[in-house]
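See below for the structure under consideration.
Only a predicted model underlies this, so the values are computations on that prediction, with no experimental measurement involved. Per chain, numbering begins at 1; letters A, B, ... match sequence-line order.
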There are 2 protein chains.
Amino acid sequence: MPVTLKDIAKRAGVTSATVSMVINNKPNISEETRKRVMKIAKELNYYPNVIARGLATRRSNAIGVIVPNLASSFVVRVLQGIKSTNRDLDYTVLLFDTVGQRESESQLFQRLSRERRIDGVILISSTVTDDELNIFRDESVPSMVVARKCTTLDCVYVNNEQGARDAADYLIGKGHSVIACVGSAKLGLPMEERLAGYRASLAAHGVPFRQELMITVDDDGMADGVAVFEKIRALQPAPTAVFVPAGDMVAIGIIKEAKKQERRVPQDLAIVGYDDLPAAEVIEPSLTTVRQPKLEMGDYAINMIVDKIEGRESGLKQKELPTKFIIRESA
Amino acid sequence: MPVTLKDIAKRAGVTSATVSMVINNKPNISEETRKRVMKIAKELNYYPNVIARGLATRRSNAIGVIVPNLASSFVVRVLQGIKSTNRDLDYTVLLFDTVGQRESESQLFQRLSRERRIDGVILISSTVTDDELNIFRDESVPSMVVARKCTTLDCVYVNNEQGARDAADYLIGKGHSVIACVGSAKLGLPMEERLAGYRASLAAHGVPFRQELMITVDDDGMADGVAVFEKIRALQPAPTAVFVPAGDMVAIGIIKEAKKQERRVPQDLAIVGYDDLPAAEVIEPSLTTVRQPKLEMGDYAINMIVDKIEGRESGLKQKELPTKFIIRESA
DNA sequence: AAGCGCTATTTAACGAGTTAAATAAATAAT
DNA sequence: ATTATTTATTTAACTCGTTAAATAGCGCTT
C-alpha cells in the first residue's frame, strides 16, 4: 500500500489538509510544520496520487496526443519534438493513434476529455476536416492541430505554398521547364497549398502550366513512387524534373525505380521531395527536398498547449513556420 | 460540466449506485431499470470518469511505455506493435522517454506506479541492468522488458546468438573468411550475444577468430558508420566482408562511405546489418540484414502484460522470438 | 397472519486528495 | 486589559465513482 497524505499526517501530528497544503506550497503554514512534514514525506518516500488529486482538482496533468499513424516518420518526428520539450513541463503524454480505428478523431477526443479528463490535446493531422475541428473547439479543452492551418482552432503549420515555390523556383532556375508534379490524395489542405505554390512559381517565371504533368498517388509510401515512375516515363512532353509534394518516401520510390531503369538522377531526371525525412539522406543520390521543421512544430505545440492550460496564453494562435529548402544531390 | 452518474440517477429516479451497477453490467438489476438507465445514459452522452473510477477501484486502465529514445526506428516499430494490438485491449498508453532524463528507468517507473497508479509497464530497453530490473519486480506492478533477456522479470527478446550466427554463416558460405565485425558500446547484453554468435559461427566453420577485426562504435547512427569505415580500410588482413551487429544505421553509414571511396558493395566489401529497419530498403545496394520481429515483440508485450493485469497469466514469462535473415543486395 | 427467501434498490463508507469556511492561538492596536 | 487582526490549523464538504451491507418489496409456505 503506497503512502498517503493521511499516513504523513498521522506521523506529523497534523491533519491531512495541512499536509496537502505543505506539499502544494500553499501559504500560511508555519516554517516548523512545513519542515517536519517535508521531512516525513521524504522519509516515507511519498508521491502524491495524481488520480486522487485529479479528481479533486479536475485536472489530470495529462495531454492527449492523437496521431494518424506511427508508421509515418513525419509524425514520429513531431512526436519526438513534443516529448523532448515536454520533459520540463511535467505533463504525461497519452498516445493514441487513429489508424484503423472506428472512432473519428473528434469522437476519440470527446471520449478522452470526458473519460480521462485530459487537460489538452494535440492532434497531428493534415487531413482533419473543419467540421471535425469544430467539435474540438466545442469541447472546451485546449487543443492544437499540427500540420494544418485552420481558422477555428489553434494550430501550427508550415508555409506550404512558399515551400513548394522554393522547390519549383529552384528547378526552374536550373533550366527545367517541363516539371512533373506528384501529389498525394491523402494530404488534404497542405497538398492544395503545395500545388498552388508550384503553379505560382511556374506563373511567376512564365513557364506554362500543363495539367497532364500533374500526377496523384493514393498514399505516401515508397511503393507509390515506384509505381508512379511508369506514369512519369509515359508523359508527353517528357519531364526533365519531378517535384514530389507527396513527400520524400514517394520521391525515394521514384529515384529507386529511375535508377533501376537506368535514368540518371539528376542528369536525366531531377527530383525534389518534400518533408526531409531521415531517409532523404540515405538514398543515393541524396534527396533535395523541402524541409518541414518537425521538431519545432512539436515543440511549439506542446509549449502553446501548456501555456493555454495554465492560463498564460489565450486567444486563437495560428503559428506559421517557414520551410527550408535543402539542396542535396537529386536536383 | 460533463454528465455524471448522479445526473443520470436523478433523471431515472434511482440512486447513483444503481446506475453504476447498470453501467458495469452487474447482476440483480431489473430489466426495466436497466433499459431506462441505459437509455438516459445514451441520451446524455455519458462517459464514465475514468479518474474517479480509478480512484475507487485502484485500477487506472493505463499502461506506461518507457522508451529510451524516439529517434530510434527500432523503438518506434516496437511501439507501433504495441499500439496496433492495444487497439482491442482498451488500455491507455502513457508514453515516456528517458533520453536526457535525470531519472533512471526504475525511478521513473516507481514514480509512475505511485503517482499514476498505472496497471502495468512496458520497458523497451536492451541496456537496463539487473539491479534496475529488480526494482521493477519489487514494485508489484506487472512489467515487461522488450529487447533484452532477463531472469527476474517478464521479457520478450530475440535469439541474438542465432541471428548473428545466421549472418556469419551466410558470409562464410559465400566464401568470406576475413569478416570484420562492428559492435556497439550501447547495446548491452544483446550485443554480447550477437558477438558470441559471430564467434560461434566462425568456430563451427573452422574460420580463425581475429581480435583485430573487432571494431566497436559508441553509438548506433549513420555517422558512426561513416567514421568507422576508415578503421575497416586500415585493417590487416583486409576484410572482404563486414558484419554489423551494431545495427542497420551503422551498416548504412559504412555502405555510404564505401561507395564514396569507390569500393563496390558487395563485390569488394560485403556488408550485413542487424535489425532490418525501413532504411535497409532505401539504401543502394539494399541491405542484407538480420530482421528482428519488432512489431511481434510489441504485440507480445502488450498482450502479455494485459493478461497479467487481468489475471489470465501468471508466473515468469520469458519469450524468445526468432530472427529472420533477410538477403538483399549488400551481401 | 407470521415467517421465509428472493430480488431489486438504497445506504453509507471508501478511495486520496483539495479547498472554502470555521476556529483557535498568537500578535497588534486602542 | 480588551478588542481587532493576523496566522496557523482543523473541520467538513466536495470530486465521481465502487461496493459491502442493510433494507424494502413481493410472492410463497405453513
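Nucleic acid contact class of R117(B) (heavy atoms, under 4.0 Å, all strands): sugar-phosphate only. Using a 4.0 Å heavy-atom distance criterion, V14(B) is classed as a sugar-phosphate-only contact. Counting any heavy atom pair closer than 4.0 Å across all strands shown, S30(B) reaches sugar-phosphate atoms only and no base atom. Within the 4.0 angstrom heavy-atom criterion, only backbone atoms of the sugar-phosphate kind lie near T57(A); the bases stay farther away. At the heavy-atom level, N28(B) lies under 4.0 Å from base atoms of the strands shown. T4(A) comes within contact range of the sugar-phosphate backbone alone, with a heavy-atom separation under 4.0 Å but no base atom that close.
Taking 4.0 angstrom as the limit, Y46(B) places a side-chain polar atom (N or O) nearer than this to OP1 or OP2 of dG17(D). The phosphate of dT9(C) (OP1 or OP2) has no side-chain N or O of T15(B) nearer than 4.0 angstrom. Side-chain nitrogen and oxygen atoms of K6(B) include none within less than 4.0 Å of the OP1 or OP2 phosphate oxygen of dG17(D). When the side-chain nitrogen and oxygen atoms of S20(A) are compared with OP1 and OP2 of dT19(C), none of them lie within a distance under 4.0 Å. For dC16(D), neither phosphate oxygen OP1 nor OP2 lies less than 4.0 angstrom from any side-chain nitrogen or oxygen of R53(B).
Here the C1' atom of nucleotide dC14(D) and the CG atom of N49(B) are 14 Å apart, to the nearest Å. Rounded to an integer number of Å, the gap from E31(B) CD to dT9(C) C1' is 16 Å. The CG-P distance, from L5(B) to dT9(C), rounds to 16 Å in whole Å. K26(B) has its NZ atom 7 Å from the C1' atom of dT18(D), to the nearest Å. Note: CZ (R114(B)) to P (dG15(C)) measures 18 Å, nearest angstrom. If you measure from atom CE of M21(A) to atom P of dA21(C), you get 13 Å, rounded to the nearest angstrom.
The nearest heavy atom of DNA chain D to L55(A) and to T33(A) marks one nucleotide each, and the one closer to the 5' end goes with T33(A). Ranked by how close their nearest DNA chain C nucleotide is to the 5' end, N24(A) and T18(B) are led by T18(B).
Residues N303(B) and L89(B) form a side-chain contact, since some pair of their non-hydrogen atoms from C-beta on lies under 4.5 Å apart. For the pair K317(A)/V156(A), no side-chain contact is recorded, criterion being any heavy-atom separation below 4.5 Å from C-beta on.
Not one N or O on the side chain of R137(B) forms a donor-acceptor pair closer than 3.5 Å with the backbone of L153(B).
A salt bridge does not link K149(A) with E320(A): none of the charged nitrogens is closer than 4.0 Å to a carboxylate oxygen.
Under 3.5 Å, the side chains of R148(A) and S125(A) contain no donor-acceptor pair of N or O atoms.
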